[in-house]
Amino acid sequence: MDQPSRGGSGPAASFDPWSAAFVADPYPAYAELRATGRAHYFAPTDQWLVPHYADVSALLRDRRLGRTYLHRFTHEEFGRTPPPAAHEPFETLNGQGLLDLEPPDHTRIRRLVSKAFTPRTVEQLVPTVQRLAAGLVDDFVAQGGGDLLTAVAEPLPVAVIAEMLGIPESDRAPLRPWSAAICGMFELNPSEETARAAVRASLDFSAYLRELIAERRGNPGADLISALIAAHDEGERLTEQEMVSTCVLLLNAGHEATVNTTVNGWWTLLRHPDQLEALRADHGLLPTAVEELMRYDTPLQMFERWVLDDIEIDGTVIPRGSEVALLFGSANRDPARFADPDTLDLARRENPHITFGAGIHFCLGAPLARVELASSFGELLRRAPAMRLVAEPEWNPGYVIRGVKELRVEL
């Protein structure tokens, strides 16, 4: 395979996640990657880019790959440099979270946490989600519009997850900034400044949750933290660090993608007036519209995996110790899997998008995210039927978790 440096002439040359133009529209580059192969080595991040739906879907389920390698190898055995000691608070917090664990620890913790996301428990949350969405949209309409991101998209999923965890309303202001700082480390080649911010947020968020856990031990409530404590007391093996890391992951994963799906989705709709008019005319399209918006402009563009045992893609051996970058955004636009993939079709019926992942790390909160998205889109369609764009948005510099800085609209 070609191994281009940044700005080189190889197959991955058009893939430039640090370019504002690429972040604003990565889809032409994805088409080029799909057309020129199934695996491309990308030297700037020392990763193999995998752009095709079939490969991404298969590798998400392939147990020769993992979110971590530390359950089988040391850093040295795996040929990797250990993270700097100064990053330890972030590494500990992130490394004990469900998303970055492999069996058997992953199996044990997911079994406990999944009880909070059963169809029955999610169904019980629907009135709460709808009440919160209605209140936010009421305020937004009363103000005559504004920034959809800060007024509706952010507060809704943060409030839902905070209520599930039992975080008091008076304590919620730092949650989003802490989350944003920690998630900065999931971007490609994060800077030392980003790492310092993530470490500070990891320390502050962990300290807050340890205090909250201690309070819940003496005064349990009908919330997930109390349920995790009860499970621990009944013999389920869950350390306090695992409890803290799980709560942080639920907050981060439970709102980052939903926020960007909401705002990116409205930006997409406002650029496709015919589809928006069809949705305004028939709110019954909302379930398929939510799925199509997640497919068309995927909030999490890339998901990374470590190669634990050699794999082969189209004749190219990717050896143990490598990292693969599974390009969700590209997979969701693959014409081999989706008819007319670059066309927004809110009535699309066959839509097996990969936005929520697959395999053992499939998003636990997918049913709840769908409820939140349907509630916020539905309320805005009903209460702000003439909503229109004030100014074209500017994209955040991050590529992996991709979204705009704000979306200013008027009613």
Shortest non-hydrogen contact between Val152 and Pro155, atoms and distance: O-CD, 3.3 Å
Over all atoms of both residues, closest heavy-atom pair of Gly97 and Leu249: C-CD2, 4.3 Å
Test item: His87 side-chain N/O and Pro83 main-chain N/O as donor-acceptor pair under 3.5 Å: no
Pi-cation contact, Trp267 with Arg271 (under 6.0 Å, within 45°): yes
Donor-acceptor pair, side chain of Ser179 and main chain of Leu175, under 3.5 angstrom: no
Steps toward side-chain contact (heavy atoms from CB on, under 4.5 Å) verdict (Glu372, Leu368): CA-CA 6 Å; Glu372 292 171 351; Leu368 180 58; 3.7 Å; yes
Atom of Leu156, atom of Ala133 and distance for their closest heavy-atom approach: CD1-N, 3.7 Å
Test item: His52 side-chain N/O and Asp334 main-chain N/O as donor-acceptor pair under 3.5 Å: no
Ile318/Ile313 under side-chain contact (heavy atoms from CB on, under 4.5 Å): CA gap, chis, key distance, verdict: CA-CA 8 Å; Ile318 302 179; Ile313 301 178; 3.8 Å; yes
His361 and Phe303: CA distance, side-chain angles, deciding distance, ring-ring contact (aromatic ring centres under 6.0 Å, His included) verdict: CA-CA 11 Å; His361 290 290; Phe303 210 62; 7.2 Å; no
Leu224 versus Ala116, closest heavy-atom pair with distance: CD1-CB, 3.8 Å
Would you give me the side-chain donor-acceptor pairs under 3.5 Å for residues 140-148, sequence neighbours excluded?
residue	atom	partner	partner atom	Å
Asp147	OD1	Leu149	N	3.1
Asp147	OD1	Leu407	N	2.9
Asp147	OD2	Thr150	OG1	3.1

Check: Pro385 main-chain N/O paired with Arg280 side-chain donor or acceptor under 3.5 Å: yes
Main-chain N/O of Ile354 paired to Asn332 side chain as donor or acceptor, under 3.5 Å: yes
Worked check of side-chain hydrogen bond (donor to acceptor under 3.5 Å, both in side chains) between Ser57 and Arg61: CA-CA 7 Å; Ser57 179; Arg61 298 171 170 86; 2.6 Å; yes
Under 3.5 Å: donor-acceptor pair, side chain of Glu277, backbone of Asp274: no
Test item: side-chain donor near acceptor, Thr68 and Glu102, under 3.5 Å: no
CD/Gln124: more than 12 non-hydrogen atoms of other groups inside 6.0 Å: yes
From Glu323 atom CD to Asp46 atom CG, the distance as rounded to the nearest 0.5 Å: 8.0 Å
Atom pair CG/CD of Leu346 and Glu291 - distance to nearest 0.5 Å: 12.0 Å
His75 and Thr81, any side-chain heavy atoms less than 4.5 Å apart: no
4.5 Å side-chain heavy-atom contact, Leu203 and Arg200: no
Donor-acceptor contact below 3.5 Å, side chain Arg108 vs main chain Pro104: no
Arg67 charged N/C atom sitting above Trp306 aromatic ring, 6.0 Å / 45°: no
pair Phe338-Pro352: side-chain heavy atoms closer than 4.5 Å: yes
Main-chain N/O of Val126 paired with Arg131 side-chain donor or acceptor, under 3.5 Å: no
Nearest-0.5 Å distance that lies between atom CE in Met302 and atom CG in Leu49: 6.0 Å
Residue pair Asp297, Arg402: steps toward the salt bridge (Lys or Arg N to Asp or Glu O under 4.0 Å) verdict: CA-CA 9 Å; Asp297 206 8; Arg402 179 173 163 273; 2.6 Å; yes
Distance (rounded to the nearest 0.5 Å) between His40 NE2 and Phe15 CZ: 10.5 Å
Stepwise salt bridge (Lys or Arg N to Asp or Glu O under 4.0 Å) test for Glu350 and Arg337: CA-CA 10 Å; Glu350 217 237 325; Arg337 189 63 187 88; 3.2 Å; yes
Within-4.5 Å side-chain heavy-atom neighbours: Pro174 and Tyr208: no
Reported CD-to-CE distance for the pair Glu187 and Met185, which is rounded to 0.5 angstrom: 11.5 Å
side-chain contact (heavy atoms from CB on, under 4.5 Å) evaluation trace for His353 with Glu292: CA-CA 8 Å; His353 64 75; Glu292 177 69 346; over 6 Å; no
Check: Asp223 side chain, Ser226 main-chain N or O, donor-acceptor pair, under 3.5 Å: yes
Working for side-chain contact (heavy atoms from CB on, under 4.5 Å), residues Gln96 and Met243: CA-CA 9 Å; Gln96 295 298 307; Met243 222 177 286; over 6 Å; no
Salt-bridge contact Arg176-Glu256 (side-chain N to carboxylate O under 4.0 Å): yes
Arg210-Gln241 side chain donor-acceptor pair, cut-off 3.5 Å: yes
The single option from Phe186, Phe22, Phe328 passing ring pair (Phe, Tyr, Trp, His ring centres under 6.0 Å) against Tyr399: Phe22
Side-chain heavy atoms of Asn94 within contact of Ser245, under 4.5 Å: no
Presence of salt bridge, Arg38 and Asp314, under 4.0 angstrom: yes
Between Ser191 and Glu193: side-chain donor-acceptor atoms closer than 3.5 Å: no
Side chain to side chain, Leu373 and Met294, heavy atoms closer than 4.5 Å: yes
Salt-bridge present (Glu392, Arg408; N to O < 4.0 Å): no
Tyr296 six-ring face occupied by Arg333 cation (under 6.0 Å, within 45°): yes
Side chain Thr298, main chain Gln301, donor-acceptor under 3.5 Å: no
Ring center gap for His106 and His71 short of 6.0 angstrom: no
Heavy-atom closest contact (Arg34 atom, Pro335 atom, distance): NE-CD, 3.7 Å
Separation of Thr261 OG1 from His255 NE2 (nearest 0.5 Å): 12.0 Å
Glu123, CD: over 12 other non-hydrogen atoms inside 6.0 angstrom: no
Tyr30 and Tyr27 aromatic ring geometry - parallel, tilted or perpendicular at 30°/60° bounds: perpendicular
Nearest heavy atoms of Ser375 and Val129, plus distance in Å: OG-CG1, 3.6 Å
Heavy-atom check, side chain of Trp48 versus side chain of Ser322, under 4.5 Å: yes
Residue among Leu293, Val409, Leu389, Leu276 satisfying side-chain contact (heavy atoms from CB on, under 4.5 Å) with Trp266: Leu276
